[in-house]
There are 2 protein chains.
Amino acid sequence: MTNSVESRTSDRKPGTRRRADGEQSRRAILRAAAELASVEGLEGLSIAALADRVGLSKSGLYAHFGSKEELQLQTIEAAREVFAEEVVRPALAEPPGLPRLRALAHRFLEHVERGTFPGGCFFASVGAEVDSRPGPLRDRIAAIHRDWSGQFERCLVEAQASRDLESRADPRQVAFEVMAMLAGAHQSFLLQGDRTALERAKAGIEVVLESHSARR
Amino acid sequence: MTNSVESRTSDRKPGTRRRADGEQSRRAILRAAAELASVEGLEGLSIAALADRVGLSKSGLYAHFGSKEELQLQTIEAAREVFAEEVVRPALAEPPGLPRLRALAHRFLEHVERGTFPGGCFFASVGAEVDSRPGPLRDRIAAIHRDWSGQFERCLVEAQASRDLESRADPRQVAFEVMAMLAGAHQSFLLQGDRTALERAKAGIEVVLESHSARR
DNA sequence: CCTACCGATCGGTAGG
DNA sequence: CCTACCGATCGGTAGG
């Protein structure tokens with residue numbers, strides 16, 4: 001046994017404690033940071049407030065992250081992982097083309113309705129904050145938004161291959177129209193508390209798909 | 001003459017100075033405040049920074065507004081006036097129904113492209129900031145958003161009367177779809193710097209109108 | 001990971 | 001409208 005102390009510890013309490021706790025604590029901090037930032041913004045995310053929320057001291061957070069910008073960047077990555085797990089990955093289980101596109105959109109709307117982040121979609125909220133402030137935060141959010149957009153475009157190219165979308169349709173244009181419905185729903189749901197906006201978005205997506213359909 | 005003091009003043013220097021200057025200065029402050037807030041947010045709008053920008057001291061601003069929240073509320077009203085002047089009023093010169101609806105949408109897109117506010121549409125930016133923070137700021141922004149939405153709905157009801165929109169279409173649903181295009185364009189234009197998004201929104205609106213048209 | 005501290009800046013006020 | 005100030009909080013660091 002090379003690691004008698006930890007082994008001994010795990011004889012009493014299961015699991016290798018020390019490193020796991022560091023990683024687990026880091027994840028818990030970033031999860032709380034993403035929730036806070038979805039409401040207060042990445043700038044409004046204060047280190048003292050976050051430290052308080054997770055039961056650490058400010059310098060405890062600096063031990064983990066070093067600077068506010070580093071914390072902000074890692075918070076973005078943590079939010080991206082939550083979003084991937086809750087929206088993108090399940091949708092990728094659906095067949096390519098329109099079924100997958102609908103799954104992406106519907107999962108997004110459920111993600112917003114569920115309130116995984118109290119400020120709505122982390123990227124919609126934080127995107128609006130950083131969109132006119134050049135810098136690494138904006139660059140990262142913009143890249144993630146492009147990836148998200150690419151998911152829809154790929155589905156639409158596949159839908160053309162399977163003759164579910166007319167061949168003269170522009171996948172980028174149709175992707176824009178579908179994603180616009182999601183943006184509109186997010187706005188009305190959060191600002192007006194209007195749950196029907198989520199259903200309106202689904203209906204709007206069908207209008208868009210129908211109008212570009214090869215089978216009309 | 002009931003107002004001899006002001007008349008006398010205008011005998012020497014044209015215009016009634018004293019009150020005009022106070023009002024003019026107040027307008028200039030609020031205009032700068034709206035520009036700052038469209039980028040930094042209503043919370044990020046700091047009184048010291050604003051005072052610096054307009055060449056006053058902090059307490060000079062307090063003489064005008066009294067508190068930060070009052071400044072924020074008056075900033076919202078100032079932005080609303082700019083928006084009304086630049087987007088809504090010119091569109092109301094167009095005939096009711098679809099021509100007016102198109103004018104509202106196109107004027108909005110031009111307003112964003114022109115960069116009247118450096119952070120894009122004041123209400124889209126600030127709306128995303130306050131949408132999950134209950135309080136008077138959110139209430140006011142939400143009410144303005146409902147008015148804006150009502151402009152589109154009214155156009156669509158008129159379009160039904162003139163048989164440009166099918167009678168079984170739901171004006172609220174169609175208004176949602178049209179406004180979603182604007183939200184999508186705003187997002188892509190600001191986050192990606194993508195000017196084509198503005199054209200895509202116009203095309204998307206035509207797709208939506210066509211699909212609900214009574215003349216297909 | 002902690003306590004204790006730094007200078008800068010926040011919204012706001014006193015007194016003129 | 002100004003100068004001069006208030007306590008609270010900001011991001012960040014020293015030293016352990």
Side-chain angles (χ1 to χ4, degrees), chain A residues 5-6 9 15-34 36-37 39-76 126 129-130 133 135-138, chain B residues 9 13 16-34 36-37 39-76 126 129-130 133 135-138:
Chain A
V5 175
E6 300 224 340
T9 304
T16 51
R17 275 311 193 81
R18 227 164 326 180
R19 291 198 49 153
D21 276 7
E23 187 51 27
Q24 206 175 314
S25 145
R26 190 182 153 277
R27 292 173 74 91
I29 294 166
L30 289 176
R31 178 62 189 248
L36 264 174
V39 174
E40 309 291 340
L42 281 172
E43 223 53 51
L45 171 65
S46 109
I47 288 169
L50 177 59
D52 221 61
R53 175 84 96 84
V54 297
L56 291 184
S57 68
K58 271 170 53 184
S59 72
L61 287 191
Y62 276 98
H64 278 284
F65 306 104
S67 74
K68 178 164 184 181
E69 186 172 279
E70 193 53 42
L71 169 65
Q72 291 169 320
L73 286 166
Q74 292 193 38
T75 298
I76 291 171
V126 164
E129 180 191 9
V130 303
R133 302 175 179 220
L137 299 179
R138 181 189 134 132
Chain B
T9 305
K13 299 168 191 174
T16 50
R17 273 312 192 82
R18 226 165 326 182
R19 292 197 46 152
D21 274 8
E23 187 50 28
Q24 205 174 314
S25 145
R26 189 182 153 277
R27 291 172 74 91
I29 294 166
L30 289 176
R31 179 61 189 248
L36 263 175
V39 174
E40 309 290 339
L42 282 172
E43 223 54 50
L45 171 66
S46 109
I47 288 169
L50 178 58
D52 221 61
R53 177 83 96 84
V54 297
L56 292 183
S57 68
K58 271 170 54 182
S59 71
L61 288 190
Y62 276 99
H64 278 284
F65 306 104
S67 73
K68 180 164 183 180
E69 187 173 276
E70 194 51 42
L71 169 65
Q72 291 169 320
L73 285 166
Q74 293 194 37
T75 298
I76 292 172
V126 163
E129 180 191 9
V130 304
R133 302 178 180 218
L137 300 178
R138 183 189 132 132

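Bear in mind the structure is a predicted one, so any value in this text is a computation, not a measurement. In what follows, every chain begins at residue 1, and chains take the letters A, B, ... in the order their sequences are listed. Because only heavy atoms are used, hydrogens play no part in the values below, and waters and symmetry mates are left out as well, while side chains stay in.
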- Separation of A:Phe65 atom CZ from C:dC1 atom P, in whole Å?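 Atom CZ in A:Phe65 sits about 10 Å away from atom P in C:dC1.
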
- Whole-Å gap separating P (C:dG11) and CG (B:Leu50):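 In whole Å, C:dG11 P lies 10 Å from B:Leu50 CG.
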
Measuring from the side chain of [X] (C-beta onward, heavy atoms only), which nucleotide among [options] has the closest atom?
X       : options               : result
B:Ala48 : D:dC1, D:dC10, C:dC10 : C:dC10
B:Lys68 : D:dG12, D:dC2, C:dG12 : C:dG12
B:Ser46 : C:dC10, D:dC1, C:dC1  : C:dC10
A:Ser57 : C:dT3, D:dC2, C:dG11  : C:dT3

- Select from B:Ala63 and A:Tyr62 the residue whose nearest nucleotide in DNA chain D is closer to the 5' end of that strand.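 That would be B:Ala63.
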
- Query: At under 4.0 Å between heavy atoms, what does A:Ser59 touch on the DNA or RNA strands: base, sugar-phosphate, or nothing?
  - Reply: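 Counting heavy atoms under 4.0 Å across all strands, the contact made by A:Ser59 includes a base.
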
- Message: So B:Leu45, base contact, sugar-phosphate only, or nothing? Heavy-atom distance under 4.0 Å.
- Response: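 Sugar-phosphate, no base atom in range.
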
- Sidechain-backbone polar pair: B:Ser57 side chain, B:Gly60 backbone, donor-acceptor under 3.5 Å: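 Yes; at least one donor-acceptor contact below 3.5 Å.
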
- Hey, which of A:Lys68, A:Glu129, A:Glu69, A:Arg138 is the one that makes side chain to side chain contact (heavy atoms under 4.5 Å, CB included) with A:Leu42?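 Single pass found, and it is A:Glu129.
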
- Message: Could you measure the distance from the CZ atom of B:Arg27 to the CG atom of B:Leu30? Nearest 0.5 Å is fine.
- Response: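 One finds 9.0 Å between CZ of B:Arg27 and CG of B:Leu30.
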
